[in-house]
Amino acid sequence: MNRNDNQNDIANDARESVAGIVDSIIYQSEDTGYTVCELEDANGDPVTVVGIIPYLTEGDKITAYGTWVNHNVYGRQFRADAYDKQLPAELGDILRYLSSGAVKGIGPKTAQKIVEAFGTDSFAVLEEHPDWLTEIPGITKRKAEKISENFKAIAGARFVMMFCRDFFPAATAMRIYKKWGGGAVDRIKNNPYSLCENFHGISFRRADQIAAQMGMEADSQARILQGLSYVLSAESQRNGHTCLPETDLVRCTVELLFGDDRQYLPKVEEMLERAYAETRLIPVQKAGVRVVYLPHYYRAEQYVAKKLGQLNDLCVRFDMRDIPAMIEKSELQCGFSYAKMQRQAISDALLDGVLVLTGGPGTGKTTIIKGLLAIFDSMDLRVSLAAPTGRAAKRMSEATSHEAKTIHRLLEMEYVSDDNSSFLRDESNRLEEDVLIVDEASMIDIMLMEALLRAVKPGARLILIGDGDQLPSVGAGNVLGDICASGKIRVVCLTEVFRQSAASLIITNAHRINNGELPETGGADGDFFFMRRESEEAIRQTVIDLVQNRLPRTYGADIVNRIQVITPSRKGMSGTEVLNIGLQEALNPPLPGKEERPSRDMIFRVGDRVMQIKNDYSMEWETDSGKEGMGVFNGDIGTITGIDKENECVEVQFEERHCRYDYGLLDELDHAYAITVHKSQGSEYPVVIIPLFDCAAMLLSRNLLYTAITRAEKMVILVGKPSVLQRMIENNSHAERCTMLREWLETGIN
């Protein structure tokens, strides 16, 4: 064992190395390449090595780089984060390697014959002269070709892993090999930017660094073309734009690639024209300005506009004279009388193919859904309810006593590979429903809306329900806002707050805030409180004390699991990053025997509340009843129920779904004692605590505060500065998203 003095090692950790011949394979995953093996080092001592080392077999000679760790069951191990692998050179080692079954088609007897025939040239024969193998009895020409192909695949994997180790963790290198095979190195060398196009988690910045290391010129065509696409993609993710004005795109691309050097403007403009010619990017005129699209966003907005128009045109309309009687019948069935605007909404839903129903809390949207369900059921129409998130779908089911599904489940999402998925329901396999009612429509981004509409059959009815005053979708687009603003789709806006709802200060204050007014606070038995704190440290301490002590003391210990802290920002003393540390320490401290696992800059511990922070379509889950499925999604909240150190995985319970996360997947989880307002969209919690503190100006807005407050079912507690509350209420500005769905709807798409 010796020291590795490479100054570029990850996080400057002291990495060591161990070298030897693999004596045995204890465990190996074909999918991930995760391996536990025992090798014999230069001193003849056995060493247990664990890490991602794909296609390893007995007889391999490796040098592993990493750190020594002490496993609580298996003792001292060497955890490898990189490795070198050399084919054995000595006759005995070559025979041992081939006899191990590493190369398909070669067993111990055949291995003996190959080594006897070709000696130390055996590997060269397998790779370059497979026809020579036919000289050995029992090896046909076809078998020789298959043996050679398998040997080349193993060699290719080794080559890819060795090449990628300078750029990526072994797990990422394994993903690259599994997708691109032995040709991965050539693809990376030809265009390093293809990495960020094809692999989630490999950023443009990382690909750009690799390109620079390979000597690619800063003003190369490939770099500029990728830079243009990257700017559009980054703006869609960061600010929700589906397109950008051409001048902004060029300026941002020059800044990204060349800093303030304006001499590259003509070159970037030249490459932009080439991107148009090759349909990499699509230019469109918007109000006299040329805007630029990535093709998938262009297609999505055009399709959504076209399909909404078709649904309106093709829907079978009921006779207006019959509608009053239908509404009265549903009133009798449901046991209540509709208000004027509720009757109007039901009537419009029966007259048009597409209806948008908007309104704040307490305005009777659920009552309308129940009434429509009664009418459609009496007509034997097939109806489905859906929502963008699992929590929103569950709330919809509970409120209507009718099953609601997530849009992903309704469309029968299917995992394909890596981070990709597809929907089984589309234009070739449409939904059978006659009516589709979708709640929380403000959360639907343009790509999900396109997928949904592709599955809706012509002639079906679509009813979109949402609150236009909430935050827009996390994904790109301004779907609900553009539809409402177009004037081409009928919109019913509910404004009357009903008496029962008006008794709640949560609902009253949500509407007051939406109208630019300060909230009211009630007495000790109220449901809306404001606790004035001036310093961020005092805000943080008060939030933790409320969750840990004050609320449990007043309402019982069970309330802790029903509290959600929702904060405007990740950063700051009262942001999610700091609050999660404090809340974990208060609610789930380390104890002897309580398992935990470090990951990134946090500790995951049994009992922790955690959130999935990206869509993972390949995550397998199982329910207590034995039902199995795949997929956990951005925003799902669960609890860590176990940490299996032997199998290196963390067990998480998401309501009825039980999942197992390999240690390598822990970057998909975050603590969820405190979450951002954006992550809370579509969910409701019994008790919501909202810290109000100075943070980025764009986060101190009225619609963000309104969204946070409307997440609460039973109680809201604001903790913080009155000045921040005032600023948020006064700031009614909305970040404009550059989209064209409204224009496509207004002009019509043929």
Side-chain angles (χ1 to χ4, degrees), residues 1 15-41 45-88 93 96-104 106-108 150 153-155 157-158 160-162 164-165 168-178 595-599 604 618-622 642-652 658-668:
M1 187 176 67
R15 293 169 80 219
E16 297 172 293
S17 66
V18 61
I21 302 292
V22 177
D23 187 60
S24 63
I25 303 295
I26 299 169
Y27 170 80
Q28 187 167 66
S29 167
E30 276 190 36
D31 290 334
T32 66
Y34 181 79
T35 302
V36 180
C37 69
E38 189 170 278
L39 58 82
E40 185 179 295
D41 69 11
D45 296 326
V47 177
T48 301
V49 178
V50 298
I52 296 178
I53 313 175
Y55 301 103
L56 193 68
T57 190
E58 294 174 9
D60 272 335
K61 182 178 181 181
I62 68 168
T63 301
Y65 303 95
T67 54
W68 290 96
V69 297
N70 284 309
H71 194 283
N72 65 334
V73 176
Y74 299 109
R76 196 166 186 249
Q77 297 179 337
F78 190 82
R79 188 177 301 280
D81 53 49
Y83 70 94
D84 285 324
K85 183 164 71 170
Q86 305 85 33
L87 287 172
D93 293 334
R96 184 181 182 187
Y97 175 84
L98 292 178
S99 299
S100 70
V103 182
K104 291 180 181 177
I106 299 179
N150 186 249
I154 295 170
R158 184 175 68 251
V160 172
M161 297 297 289
M162 294 303 98
C164 288
R165 70 176 184 181
F168 306 111
T172 303
M174 185 64 180
R175 286 172 57 211
I176 293 170
Y177 172 72
K178 287 184 73 68
E595 297 287 2
E596 57 183 44
R597 169 69 186 177
S599 178
F604 289 111
S618 62
M619 176 63 70
E620 297 177 352
W621 52 260
E622 184 178 1
I643 296 178
D644 185 342
K645 291 193 172 181
E646 180 177 343
N647 294 303
E648 299 199 322
C649 66
V650 173
E651 299 168 0
V652 181
H658 186 73
C659 302
R660 293 169 65 89
Y661 287 75
D662 291 340
Y663 283 172
L665 293 176
L666 290 181
D667 61 350
E668 296 185 4

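- The minimum heavy-atom distance between S17 and Y65, with the atom names listed, is CB-CD2, 3.6 Å.
- Considering only residues two or more places apart in sequence or on other chains, T172 meets the side-chain hydrogen bond (donor to acceptor under 3.5 Å, both in side chains) condition with none of them.
- Scored by the side-chain contact (heavy atoms from CB on, under 4.5 Å) test, D667 finds R600 as partners (sequence neighbours excluded).
- Scored by the salt bridge (charged side-chain N to carboxylate O under 4.0 Å, His left out) test, D45 finds no partners at all (sequence neighbours excluded).
- From I53, atom CD1 reaches atom OH of Y83 across 7.0 Å, with rounding to the nearest 0.5 Å.
- Here the side chains of V103 and L98 are in contact, with some heavy-atom distance below 4.5 Å.
- Listed by chain and residue number, nothing satisfies the side-chain hydrogen bond (donor to acceptor under 3.5 Å, both in side chains) test with D662 (two or more places apart in sequence, or in another chain).
- For the atom pair CZ (R79) and OG1 (T67), the distance works out to 7.0 Å, reported to the nearest 0.5 Å.
- In plain terms, the two heavy atoms of I25 and L56 that are nearest each other are CD1-O, 3.8 Å.
- Between K85 and P54, the closest heavy-atom pair is NZ-O, 3.5 Å.
- Heavy-atom minimum distance, A64 versus F78: O-CE2, 3.5 Å.
- Under the rule for a side-chain hydrogen bond (donor to acceptor under 3.5 Å, both in side chains), E620 has no partner lying at least two apart in sequence or in another chain.
- With sequence neighbours excluded, no residue forms a salt bridge (charged side-chain N to carboxylate O under 4.0 Å, His left out) with E58.
- Evaluation of the side-chain contact (heavy atoms from CB on, under 4.5 Å) rule for K61 yields I21, Q86 as partners, not counting sequence neighbours.
- Applying the side-chain contact (heavy atoms from CB on, under 4.5 Å) rule to L666 yields the partners R597, S599, F604, V650, Y661, Y663, L669; only residues at least two apart in sequence or on another chain are considered.
- Classified by interplanar angle (parallel below 30°, tilted 30° to 60°, perpendicular above 60°), the ring pair Y27/Y34 is tilted.
- Residues meeting the side-chain hydrogen bond (donor to acceptor under 3.5 Å, both in side chains) test with E651, sequence neighbours left out: R660.
- Counting all heavy atoms, side chain and backbone alike, W68 lies closest to E16 at CD1-OE1, 2.9 Å.
- Within the model, atoms OG1 of T63 and CG of D41 stand 11.5 Å from one another, a figure rounded to the nearest 0.5 Å.
- Annotation: salt bridge (charged side-chain N to carboxylate O under 4.0 Å, His left out) contacts of K645 (sequence neighbours excluded): E595.
- With sequence neighbours left out, A173 forms a side-chain contact (heavy atoms from CB on, under 4.5 Å) with M161, C164.
- The nearest pair of heavy atoms linking R76 to T48 is O-CB, 4.5 Å.
- Although no hydrogens or angles enter the test, the distance criterion places no donor-acceptor pair under 3.5 Å between the side chain of Q28 and the main chain of C37.
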